[in-house]
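Chain letters run A, B, ... following the sequence lines, proteins first and then strands; every chain starts at 1. As the structure is a prediction and not an experimental result, all values here were calculated from the model.
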Number of protein chains: 2
Amino acid sequence: MTVSKTAEKSSEKPADMAKGRKDAAEAQPEALQLGELSEQLGYVLKRAQLKVFENFLRCMATLQLTPAQFSVLLLVEKNPGRNQTEIASTLGILRPNFVAMLDNLESRDLCARIRSTNDRRSHILVLTDKGKAVLTRAKKLVATKHEARLNDLLGQANRETLLAMLAKIANEF
Amino acid sequence: MTVSKTAEKSSEKPADMAKGRKDAAEAQPEALQLGELSEQLGYVLKRAQLKVFENFLRCMATLQLTPAQFSVLLLVEKNPGRNQTEIASTLGILRPNFVAMLDNLESRDLCARIRSTNDRRSHILVLTDKGKAVLTRAKKLVATKHEARLNDLLGQANRETLLAMLAKIANEF
DNA sequence: GATAATTGTTATGGACCATATCAAATATCG
DNA sequence: CGATATTTGATATGGTCCATAACAATTATC
């Protein structure tokens with residue numbers, strides 16, 4: 001399905017003073033037919049996902065949190081005392097890739113690794129005070145600037161319907 | 001939001017003979033609380049998208065077509081006579097990244113680049129006979145094995161509602 | 001107590017995305 | 001016309017994310 005993150009600069013153009021156009025008669029299309037593409041679940045899903053992530057990043061620009069980082073903070077807050085493997089795996093992150101991510105969050109003093117006394121192999125994850133504060137601000141931003149936009153676009157009822165359908169796909173597809 | 005492509009092997013475990021469990025009394029959770037995560041649009045969207053792509057790849061295993069490749073074939077078929085820039089940009093693919101993709105499809109004799117006589121800079125893209133045949137088979141597979149699954153899961157009406165909402169997000173978010 | 005399994009980690013490779021740059025061809029405009 | 005700018009496909013390159021193998025330290029298993 002493709003769909004990169006690139007901005008579509010060409011979509012802003014006049015789109016008529018383009019290529020083939022000698023007089024004013026033979027108006028060449030210039031806009032391609034999407035055809036069955038717009039009916040492809042994966043295609044539409046991916047495009048929507050990119051747009052949502054893009055908007056998320058804009059909303060979180062001041063806090064410098066990516067969707068992945070936000071999800072980690074959320075999960076650590078909700079499940080204090082868990083180790084890296086547990087947090088990572090429920091987010092679908094592989095342990096090796098989670099290391100650098102935690103290094104980042106820890107270097108920003110948003111969360112901390114604590115050697116477990118029960119099992120000295122594992123690192124218990126906790127939010128720092130700053131991490132809690134940032135997460136609180138992040139939640140507010142997401143709710144007011146990001147998720148609120150869905151209500152404006154679809155309406156409260158449809159928004160819930162959409163989330164339910166997506167969850168169903170995520171779990172049962 | 002995270003959500004990698006990794007299989008969730010741990011979701012198949014008994015999930016009870018795990019860590020803390022001395023007798024049979026203090027059943028420790030072992031399953032983390034997702035909390036507000038399951039209400040995050042981006043999180044659910046991404047998880048759904050990964051599942052859909054994963055299923056798409058399985059359905060197309062015999063044809064060895066990725067979602068991106070499928071979308072290119074679809075678009076070239078619907079818009080014959082267009083050049084690389086036009087096809088790539090409407091799919092959100094950057095021209096540099098489109099080169100290797102076309103190299104692949106062309107090496108498999110699915111599509112061909114033809115030097116335009118009007119503008120000798122550009123390459124007109126066309127499906128080969130084999131490309132058309134493969135695309136026909138691909139469409140059938142997608143329709144019967146992939147998209148049909150959405151109907152089984154959501155029902156025809158909901159499926160259309162979902163696509164409409166996703167399209168709206170993709171275009172207006 | 002020897003062996004197996006787990007945890008965090010490093011190293012590494014692949015896929016995808018983005019930018020700068022280039023030569024060839026074309027468009028633009030003095 | 002001819003100099004300059006633009007466009008097209010392409011290469012090179014770097015970044016991010018995803019996936020696997022391997023390792024040391026620690027713990028579990030038998």
### Task
Run the numbers on A:Leu135 and A:Val76 for side chain to side chain contact (heavy atoms under 4.5 Å, CB included), then give the verdict.
CA-CA 11 Å; A:Leu135 182 54; A:Val76 171; over 6 Å; no

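- Atom NZ of B:Lys46 and atom C1' of D:dT16 are 11 Å apart (whole Å).
- Between B:Gln156 and B:Glu160, the side chains place a donor N or O and an acceptor N or O closer than 3.5 Å (distance only, hydrogens not considered).
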### Message
Go through it in stages, so that I can follow the logic: the residues are B:Cys111 and B:Val126, the test is side chain to side chain contact (heavy atoms under 4.5 Å, CB included), and I'd like the CA-CA distance, side-chain angles, deciding distance and then a yes or no.
### Response
CA-CA 6 Å; B:Cys111 79; B:Val126 212; over 6 Å; no

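- Atom CG in B:Asn118 sits about 13 Å away from atom C1' in C:dA25, given to the nearest Å.
- A cation-pi arrangement is present between A:Lys46 and B:Phe53 under the rule of less than 6.0 angstrom and at most 45 degrees off the ring axis.
- Residues A:Gln33 and B:Asn79 have side chains that never bring a donor and an acceptor to within less than 3.5 angstrom of each other.
- In this structure, B:Thr85 does not reach the D:dT7 phosphate: none of its side-chain N or O atoms is under 4.0 Å from OP1 or OP2.
- One can place CZ of B:Arg120 at 22 Å from P of D:dT6, the figure rounded to the nearest angstrom.
- Out of C:dG8, D:dT26, D:dT8, the shortest distance to the side chain of A:His123 is found at C:dG8.
- Nucleotide D:dT7 holds its C1' atom 13 Å from the CZ atom of B:Arg115, rounded to whole Å.
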Interface polar pairs with nucleotides 10-13 of chain C, N/O, under 3.5 angstrom:
none

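- Atom CD1 of B:Ile93 and atom C1' of C:dT19 are 17 Å apart (whole Å).
- Here D:dT7 presents its P atom at 17 Å from CD1 of B:Ile124, a figure rounded to the nearest Å.
- Contact of B:Arg121 with D:dT8 (side chain to base): no donor-acceptor pair of N or O atoms is detected under 3.5 Å.
- The aromatic rings of B:Phe56 and B:Phe70 are tilted relative to each other, their planes meeting at an angle between 30° and 60°.
- Between the P atom of D:dA12 and the CZ atom of B:Phe98 lies a distance of 20 Å, rounded to the nearest Å.
- Between B:Leu57 atom CG and C:dC16 atom C1' there is a gap of 14 Å when expressed in whole angstrom units.
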### Task
Show your reasoning for whether salt bridge (Lys or Arg N to Asp or Glu O under 4.0 Å) applies to B:Glu36 and A:Lys139.
CA-CA 10 Å; B:Glu36 323 172 45; A:Lys139 283 185 192 173; 2.8 Å; yes

